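Whatever order the structure lists them in is the order used to number ligands and atoms, beginning at 1. What's counted below: heavy atoms across the whole structure, side chains too, no hydrogens, waters or symmetry copies. All figures in this text were calculated on a predicted structure; none of them were measured in a lab.
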Amino acid sequence: MLLQAGRLVSSLTVKSNGGPLSGVLRVPGDKSISHRALLMAGLAHGTSRITGLSSGLDVVATRKALEAFGVAVEPAGAPGAWNVTGGSRSEPGGVIDVGNSGTSIRLLSGWAASLDALSVLVGDDSISRRPMGRVVEPLSAMGAKLDGRSHATLPPLVVRGGHLHGVDYEVPVPSAQVKGAVLLAGLSAEGATTVREALATRAHTEEMLPLWGADVTVEHRSVTVRPSRLDACAFHVPGDPSQAAFWVVAACVTPGSDVTVEKVYLGRGRAGFVDVLQRMGANVEVADYDPLSSVGDLHASYGPLRATTVGGDEVPSLIDEIPVLAVAAALASGTTTFADAGELRHKESDRVASTVGALRAVGFQAEGRPDGLVVEGSAGRPARGGTVDPAGDHRVAMSMAVAALAASGPVVIQGWECVQTSYPSFEEDMARCRPL
Ligand code: S3P
């Protein structure tokens, strides 16, 4: 589906002349947390009530996977509310299709590794190119039998699970998906399972597991899980910081804007983009932060931005926000470098190539590097407009919609339907803070 002649072009044409963004928004439930809530509830005895669940296709894929394993997942009245009755899983009758969702396939490989059954996990073309050796290696070390294309490094993945034993595993690439897969498998392994990471990644698995009753210990950069029985609980998914980042950057780069995004998860490993924007001189503040839930409001308003360097330890905490931070960098003064981010090349697209291509397509200057990108700031001169191919990557597509809001000419974003994977209500939220 191309939206050249569709809503997005015309609405962006209007919006690029439509003035500032303003208002108070709530973004959908966090995608990473939504996947984990479903998977944990699926292992737990009794019925867990989950509210605020993301409605994106990635999370739908995990929900459907649970159903294929015999877990009952039923709508519970309000939008985003689901009852999940877990505790007993059965061998799926067919293949599990995760669509475009890397988090689904990697977390499910660990979730399925503890079940004495055969599970076959497949996905779309993008998934079929994404590296899986990183989950195959530790899960095999735990005693599961995994195979896949290209010597068990690419999907489809075949998992023959059961009879696991604990391991002490140092994750070679910073990846919360790998950490999560190993910890989920470790819940039913014999003995303790420890995951060590050189760089801290998002902490959702270790933060959430104890809520379902798992025995988890966190020490600096290592997490240990011991065999545990999970029991149902009530869980609310907070707002997604990755989605909030689009409106925060949009407010920072669109003259006259002032936007608040309420009730966003800003815990360990997710809020790095706020620090980067503040370093760039942006007017971004956290308000009403609750340290118990790690939830707070983000308030952002327009102002001039200056270039910065992004790299090192902070990269895992903002890896998904690099495309939209690159839009901020393109409107800043000076040259911004994103380094130590080679993982970008293994996301839904090669995000170095797709982000650089998209920025150039609307008139900005950017160049790819093996481990990131360099963006030449325009010192506030808006994108001139153009046609963008986000390579089927939802985050690149939405980042370019943000650039379009501050553009001087129309921006056409091809293949806009990819946004359904994580943020189906993006256009509604755009209209909310920038009424036509
Ligand atoms: C995620 C971890 C990150 C992130 C992805 C979601 C998760 O991937 O990019 O969007 O939910 O654990 P990696 O584990 O590959 O770093």
* To do: Would you mind listing which atoms of ligand 1 come within a distance below 4.0 Å of any non-hydrogen atom of S32?
  => 1 (C), 6 (C), 7 (C), 11 (O)
* Structure fact -> If we number the atoms of ligand 1 from 1 as shown, the ones under 4.0 Å from a heavy atom of R106 are 15 (O)
Return the closest protein heavy atom for [atom] as residue, atom name and distance.
{"atom": "atom 14 (O) of ligand 1", "result": "S175 OG, 2.6 Å"}
{"atom": "atom 8 (O) of ligand 1", "result": "K347 NZ, 3.1 Å"}
{"atom": "atom 12 (O) of ligand 1", "result": "R36 NH2, 2.6 Å"}
{"atom": "atom 10 (O) of ligand 1", "result": "D320 OD2, 2.8 Å"}

* Asked: With a cut-off of under 6.0 Å to the ring centre and 45° to the axis, is R432 in cation-pi contact with W247?
  -> no
* Candidate pair V284 and C252, rule side-chain contact (heavy atoms from CB on, under 4.5 Å), full reasoning -> CA-CA 8 Å; V284 178; C252 290; 3.6 Å; yes
* Asked: For ligand 1, is there an N or O atom under 3.5 Å from any N or O atom of I319?
  -> no
* Could you tell me whether R202 and ligand 1 have an N or O pair separated by under 3.5 Å? => no
* Structure fact -> With heavy atoms and a 4.0 Å threshold, my read on which part of P174 contacts ligand 1 is backbone
* Do Y423 and D429 meet the criterion of a side-chain donor-acceptor pair at a distance under 3.5 Å? -> yes
* Donor-acceptor contact present, side-chain S34 to main-chain L53, <3.5 Å -> no
* Under-4.0 Å salt bridge between K263 and D290 -> no
* **salt bridge (Lys or Arg N to Asp or Glu O under 4.0 Å) assessment of D320 paired with R270** => CA-CA 9 Å; D320 291 341; R270 291 301 295 278; 5.6 Å; no
* **With N100, the side-chain hydrogen bond (donor to acceptor under 3.5 Å, both in side chains) member among D58, D125, D124** => D124
